[in-house]
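We use all heavy atoms of the structure for the numbers below, so side chains are in, but hydrogens, waters and symmetry mates are not. Here the structure is a predicted model, which means the values were calculated and not measured.
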Amino acid sequence: MLEEIWEKIQAAPVITLFRHVNPDPDALGSQRGLKRALEHIFPDKQVYALGDMTKDGYEMDQVPDEVISGSLAILLDTSNRERIDAGDKYALAAETIRLDHHVKVEDLAQLDYVDDKACATGEIVAQLLEANGQHPGAASAQDLYRALAADSQRYTTSNTRPESLMAGAWLIREGADVVQDLLAANRTTMETWRYQNLIRSRSTCIGKFLFSVMEPQDYLQQGLDETAARENVFALSGCAEVKIWALFTRCVDGSFAASLRSRQLEVRDIAETFGGGGHICAAGIKGLDNGQLTELIAALAKRSLEQPAAD
């Protein structure tokens, strides 16, 4: 299908690129990387990256509806319709393609390419370009490498596969700089660093499950909003005795958002039980009340004592 997708891209004079709301580095890196690649390969095409302004100040494109309706729309790193940033705009496009690595829950495009074995959508975009003999340019390669390195936690997640490493190697050959990516990934503000330390100081361990519950005043006092606060679940990673870790963030409306992570044990099925979803070892839930939070903690603590399923 990658060849068929590329033929569609070649034929389209206008291409619009979409991704999910509250984008993580994979969503942003895939979108920006594909835009830069297409602009590099096809300088005469009109290529637009759409969505809300991101917190890092990247300038998103603004185009009228008639441009979208006449375009080929490519949706990146998005598993369901309600997660599409500017989703009502995406539906205007005459032709649609999706590139994604989440477990497929619904069809979203005429050409729906979903590889849930890939560790990042950046991996899939790199494969699309390499399989079709394209050279995206160094700026695109850097974006796509960031997407791949971030979602695989630098090739340490359980869904890292030979193809993931091969995609990373190809991106380095195309101009990605590993040191530059590492420096960008570790650029933490003092406020965020202090918040991460607070998360660790509030942590509780039950069985082999480590978690922290954070209140609005905790992150608001550090100048963080709810989205930025939730992203710091990795502050609880790295303990040898811990198999599952989670950050529970109380939102301003009183509900809890849960960010779940593990080394090998599945957490996605538990997240789905509470109305969330995600990847096998990285999932999220929103809108939890106090009772559900208590039930979720018990379920994760129980799961943390299980043995990983054999491959």
Is there a side-chain contact between [X] and [Y] in this structure, where contact means two heavy atoms from C-beta onward sitting under 4.5 Å apart?
{"X": "L75", "Y": "H20", "answer": "no"}
{"X": "T192", "Y": "Q196", "answer": "yes"}
{"X": "L72", "Y": "V14", "answer": "no"}
{"X": "L296", "Y": "L288", "answer": "yes"}
{"X": "L108", "Y": "R81", "answer": "yes"}
{"X": "D100", "Y": "S79", "answer": "yes"}
{"X": "P13", "Y": "F42", "answer": "no"}
{"X": "D65", "Y": "K89", "answer": "yes"}

Test your reading of the model: is there a side-chain donor-acceptor pair from [X] to the backbone of [Y], 3.5 Å cut-off?
{"X": "T96", "Y": "Q110", "value": "yes"}
{"X": "D289", "Y": "G291", "value": "yes"}
{"X": "E226", "Y": "C251", "value": "no"}
{"X": "R268", "Y": "A282", "value": "no"}
{"X": "T156", "Y": "Q153", "value": "yes"}
{"X": "Q134", "Y": "N132", "value": "yes"}
{"X": "S304", "Y": "K302", "value": "no"}
{"X": "S140", "Y": "R36", "value": "no"}
{"X": "D85", "Y": "D52", "value": "yes"}
{"X": "N232", "Y": "A235", "value": "no"}

(message) Between K35 and D61, is the side-chain contact (heavy atoms from CB on, under 4.5 Å) condition met? List the steps.
(response) CA-CA 11 Å; K35 178 181 179 180; D61 295 314; 2.7 Å; yes
(message) Using the side chain to side chain donor-acceptor pair (under 3.5 Å) definition, which of the options R202, Q221, R250 pairs with E215?
(response) R250
Quick one about [Y] and [X] (side-chain donor to acceptor, distance below 3.5 Å, no hydrogens or angles considered), yes or no?
{"X": "S255", "Y": "D253", "result": "yes"}
{"X": "Q31", "Y": "R19", "result": "yes"}
{"X": "T16", "Y": "S71", "result": "yes"}
{"X": "E123", "Y": "S164", "result": "yes"}
{"X": "N197", "Y": "R200", "result": "yes"}
{"X": "Y48", "Y": "Q46", "result": "yes"}
{"X": "N80", "Y": "E106", "result": "no"}

For the residue pair [X] and [Y], what are the closest heavy atoms and their distance?
{"X": "L99", "Y": "L128", "answer": "CD1-CD2, 4.0 Å"}
{"X": "L38", "Y": "I9", "answer": "CD2-CG2, 3.6 Å"}
{"X": "F209", "Y": "A246", "answer": "CE1-CB, 3.6 Å"}
{"X": "V267", "Y": "S262", "answer": "CG1-CB, 4.1 Å"}
{"X": "K45", "Y": "Q10", "answer": "NZ-O, 2.9 Å"}
{"X": "L210", "Y": "C205", "answer": "CD1-CB, 4.0 Å"}

Would you say the ring centers of [X] and [Y] fall short of 6.0 Å from each other?
{"X": "F256", "Y": "F248", "value": "no"}
{"X": "W6", "Y": "Y113", "value": "no"}
{"X": "H101", "Y": "H279", "value": "yes"}

(request) Output yes when R32 and D143 qualify as a salt bridge under the 4.0 Å nitrogen-oxygen rule, no when they do not. (result) no
Measuring from [X]:[atom1] to [Y]:[atom2], what's the distance to the nearest 0.5 Å?
{"X": "Y195", "Y": "E231", "atom1": "OH", "atom2": "CD", "answer": "11.0 Å"}
{"X": "E174", "Y": "Y145", "atom1": "CD", "atom2": "OH", "answer": "14.5 Å"}
{"X": "I15", "Y": "I68", "atom1": "CD1", "atom2": "CD1", "answer": "14.0 Å"}
{"X": "R154", "Y": "L148", "atom1": "CZ", "atom2": "CG", "answer": "10.0 Å"}
{"X": "I280", "Y": "T157", "atom1": "CD1", "atom2": "OG1", "answer": "10.5 Å"}
{"X": "D218", "Y": "S212", "atom1": "CG", "atom2": "OG", "answer": "10.0 Å"}

(request) Decide yes or no on side-chain contact (heavy atoms from CB on, under 4.5 Å) for W245 and K208, but give the supporting numbers first. (result) CA-CA 8 Å; W245 57 98; K208 296 182 179 181; over 6 Å; no
(request) Report the residue from D115, D116, D112 that forms a salt bridge (charged side-chain N to carboxylate O under 4.0 Å, His left out) with K104. (result) D112
For residues [X] and [Y]: do they belong to one hydrophobic cluster (side chain heavy atoms under 4.5 Å, members Ile, Leu, Val, Met, Phe, Trp, Tyr)?
{"X": "V242", "Y": "L236", "value": "yes"}
{"X": "I84", "Y": "L111", "value": "no"}
{"X": "L2", "Y": "L17", "value": "yes"}
{"X": "F18", "Y": "L28", "value": "no"}

(request) Check step by step if side-chain contact (heavy atoms from CB on, under 4.5 Å) holds for Q142 and D177. (result) CA-CA 7 Å; Q142 194 70 47; D177 186 318; 3.5 Å; yes
Counting only heavy atoms from other residues, nucleotides and ligands, does the tally under 6.0 Å from [atom1] of [X] exceed 12?
{"X": "K243", "atom1": "NZ", "result": "yes"}
{"X": "E3", "atom1": "CD", "result": "yes"}
{"X": "M166", "atom1": "CE", "result": "no"}
{"X": "E82", "atom1": "CD", "result": "no"}

(request) Evaluate salt bridge (Lys or Arg N to Asp or Glu O under 4.0 Å) for E95 paired with K8, printing each intermediate quantity in order. (result) CA-CA 9 Å; E95 291 190 284; K8 292 286 188 183; 2.8 Å; yes
(message) Using salt bridge (Lys or Arg N to Asp or Glu O under 4.0 Å), reason through D269 and R303 one step at a time and then give a plain yes or no.
(response) CA-CA 11 Å; D269 59 339; R303 176 63 55 83; 3.1 Å; yes
(request) Test E306 against E266 for side-chain contact (heavy atoms from CB on, under 4.5 Å), laying out the working first. (result) CA-CA 10 Å; E306 298 178 7; E266 181 171 359; over 6 Å; no
